[in-house]
Amino acid sequence: MTTTGTSPLTTADLVDGWRRVGVRPGMSMIVHSSLSSLGRVEGGAEAVVASLREAVGPGGTVAVPTFTTGTVCDPAPDHAGLPTAEVAELRAAVPLFHPELPSRMGAIAEALRALPESLRSTHPQASVAAVGAHAREVTARRSLGFAIGRESPFGALHDLGGYVLLIGVGHNRNTFLHYAETFAPNRRLKLRRFPMAIQGERVWIETPDVGNDNDTHFPVVGREFEERAGIREVLVGNAPCRLIPVRDLIPFAVRRLTELLAADGPAAARPGRPRP
């Protein structure tokens with residue numbers, strides 16, 4: 001259904017839309033979304049979450065990224081050595097991660113995170129919230145290094161034969177392409193830095209992870225995969241939506257990212273490659 005600007009989308013309209021996209025009962029999926037892309041929705045983000053849960057049914061699982069990269073981070077990343085008084089004050093004001101910490105990943109993601117029954121993984125910057133049959137299995141995984149790699153909620157969703165549902169957003173928002181890049185031998189790298197409480201002491205942790213794509217290769221890889229796999233774009237309200245099977249996406253994305261990164265030329269030294 002496409003909105004005409006008069007009648008808001010109902011939960012029933014949304015469920016019908018997810019069915020047309022390909023969502024089925026029992027699926028496990030992570031949702032990247034833009035609420036505004038749908039048009040007017042009766043009940044707002046909470047209704048969208050309810051419709052997604054209804055579409056997968058009691059045997060399914062709905063997950064969302066609840067990243068806090070812009071909140072639980074070093075406010076003075078370029079300052080080396082012992083902090084000045086000003087830097088120390090800035091760093092002391094950075095909150096420690098906790099399950100109730102709001103995320104800036106959009107209204108739909110935040111609505112799911114705020115559900116009383118929602119579970120959330122515990123990486124300080126790259127957490128995932130989930131509801132449904134496999135929510136505990138998905139959110140139990142955590143690796144401080146390579147936070148979106150094999151031992152993360154994304155690895156769990158891969159093992160479950162999960163899907164990525166893109167609602168009004170592109171593959172530049174598809175975190176599973178970062179997951180794929182962790183297996184590329186020439187992956188890009190960045191350093192995460194965040195505070196944690198360890199044995200009652202607040203300390204700053206540094207860990208490696210794959211670098212940001214900045215719309216360089218992910219849109220290309222996503223488009224090529226959709227063409228190869230015959231993925232249909234379906235309008236739900238005003239939002240173009242696609243459902244991507246993770247187990248098919250990952251080997252394709254690893255191969256194409258390896259090729260595209262090789263064409264970029266040599267990169268910085270890289271840690272050992274993990275096993276898929």
Side-chain angles (χ1 to χ4, degrees), residues 1-3 8-24 27-57 60-71 101-115 117-121 126-132 135 138-139 148 153-154 157 162-179 213 215 218-219 222-223 225-226 231-246 249:
M1 175 178 179
T2 303
T3 59
L9 291 166
T10 65
T11 300
D13 293 330
L14 291 168
V15 173
D16 174 70
W18 310 140
R19 291 274 181 263
R20 290 186 289 107
V21 176
V23 176
R24 297 290 178 263
M27 276 186 175
S28 295
M29 63 184 185
I30 189 161
V31 180
H32 295 280
S33 59
S34 162
L35 176 62
S36 62
S37 71
L38 288 161
R40 295 171 60 212
V41 176
E42 186 177 292
E46 291 76 11
V48 177
V49 171
S51 72
L52 292 166
R53 299 182 71 181
E54 183 176 340
V56 300
T61 304
V62 181
V64 292
T66 51
F67 301 166
T68 51
T69 309
T71 306
L101 187 68
S103 171
R104 299 175 183 174
M105 298 301 290
I108 294 171
E110 183 62 9
L112 188 146
R113 182 206 65 78
L115 290 172
E117 65 272 33
S118 175
L119 300 177
R120 191 176 187 182
S121 63
S127 64
V128 166
V131 291
V138 168
T139 58
I148 304 172
F154 294 89
L157 284 162
Y163 290 78
V164 180
L165 177 60
L166 301 176
I167 303 175
V169 299
H171 284 280
N172 59 339
R173 295 273 295 276
N174 182 356
T175 309
F176 260 107
L177 291 175
H178 287 294
Y179 175 85
D213 182 67
D215 296 351
F218 288 1
R223 182 181 67 251
F225 176 77
E226 288 186 18
I231 302 295
R232 293 187 309 123
E233 182 181 283
V234 175
L235 279 181
V236 179
N238 296 328
C241 301
R242 284 99 77 210
L243 186 68
I244 311 295
V246 169
L249 171 66

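By convention here, the first residue in the shown sequence is residue 1.
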Nearest 0.5 Å, what's the [atom1]-[atom2] distance between [X] and [Y]?
X	Y	atom1	atom2	answer
Cys241	Leu166	SG	CG	8.5 Å
Met105	Leu112	CE	CG	13.0 Å
Ile30	Thr61	CD1	OG1	11.5 Å
Asp215	Asn172	CG	CG	4.5 Å

Counting distance only, does the side-chain N/O of [X] pair as donor-acceptor with the main-chain N or O of [Y] below 3.5 Å?
X	Y	value
Ser34	Val169	no
Thr66	Ser127	yes
Thr68	Ser103	no
Arg120	Leu101	yes
Ser28	Gly162	no
Arg20	Leu235	yes

### Query
After noting the C-alpha distance and the side-chain angles of Asp213 and Leu177, does the key distance pass the side chain to side chain contact (heavy atoms under 4.5 Å, CB included) rule?
CA-CA 9 Å; Asp213 182 67; Leu177 291 175; over 6 Å; no
Would you name the heavy atoms of [X] and [Y] that are closest together and state the gap between them?
X	Y	answer
Leu14	Ala47	CD1-O, 4.2 Å
Ala239	Ile167	CB-CG2, 4.2 Å
Ala111	Ala45	CB-CB, 3.9 Å
Ala107	Leu35	CB-CD2, 3.8 Å

Do [X] and [Y] come within less than 4.5 Å of each other through their side chains, counting heavy atoms only?
X	Y	value
Phe218	Arg173	no
Tyr179	Asn174	no
Arg242	His171	yes
Thr139	Pro153	no
Leu243	Met27	yes
Met29	Leu52	yes
Arg24	Arg19	yes
Phe154	Val246	no

### Val48 and its side chain to side chain contact (heavy atoms under 4.5 Å, CB included) partner, picked from Thr11, Leu38, Val236, Val31
Leu38
### Task
In plain terms, say whether Arg113 and Glu110 are close enough for a salt bridge, that is, a side-chain N and a carboxylate O under 4.0 Å apart.
yes
#### Entry: Inter- and intrachain pairs under salt bridge (Lys or Arg N to Asp or Glu O under 4.0 Å), touching residues 47-56, at least two apart
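Of all non-adjacent pairs touching residues 47-56, those that pass salt bridge (Lys or Arg N to Asp or Glu O under 4.0 Å) are Arg53-Glu117.
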### Query
Considering residues, nucleotides and ligands other than Tyr163, do more than 12 of their heavy atoms fall under 6.0 Å from its OH?
no
### Task
In sequence, state the C-alpha distance, the side-chain angles, and the governing distance for Ile244 and Ile231, and then conclude on side chain to side chain contact (heavy atoms under 4.5 Å, CB included).
CA-CA 7 Å; Ile244 311 295; Ile231 302 295; 4.0 Å; yes
### Message
For a side chain to side chain contact (heavy atoms under 4.5 Å, CB included) check, start with the C-alpha distance between Asp13 and Glu42, then their side-chain angles and the critical distance, and finish with the verdict.
### Response
CA-CA 10 Å; Asp13 293 330; Glu42 186 177 292; over 6 Å; no
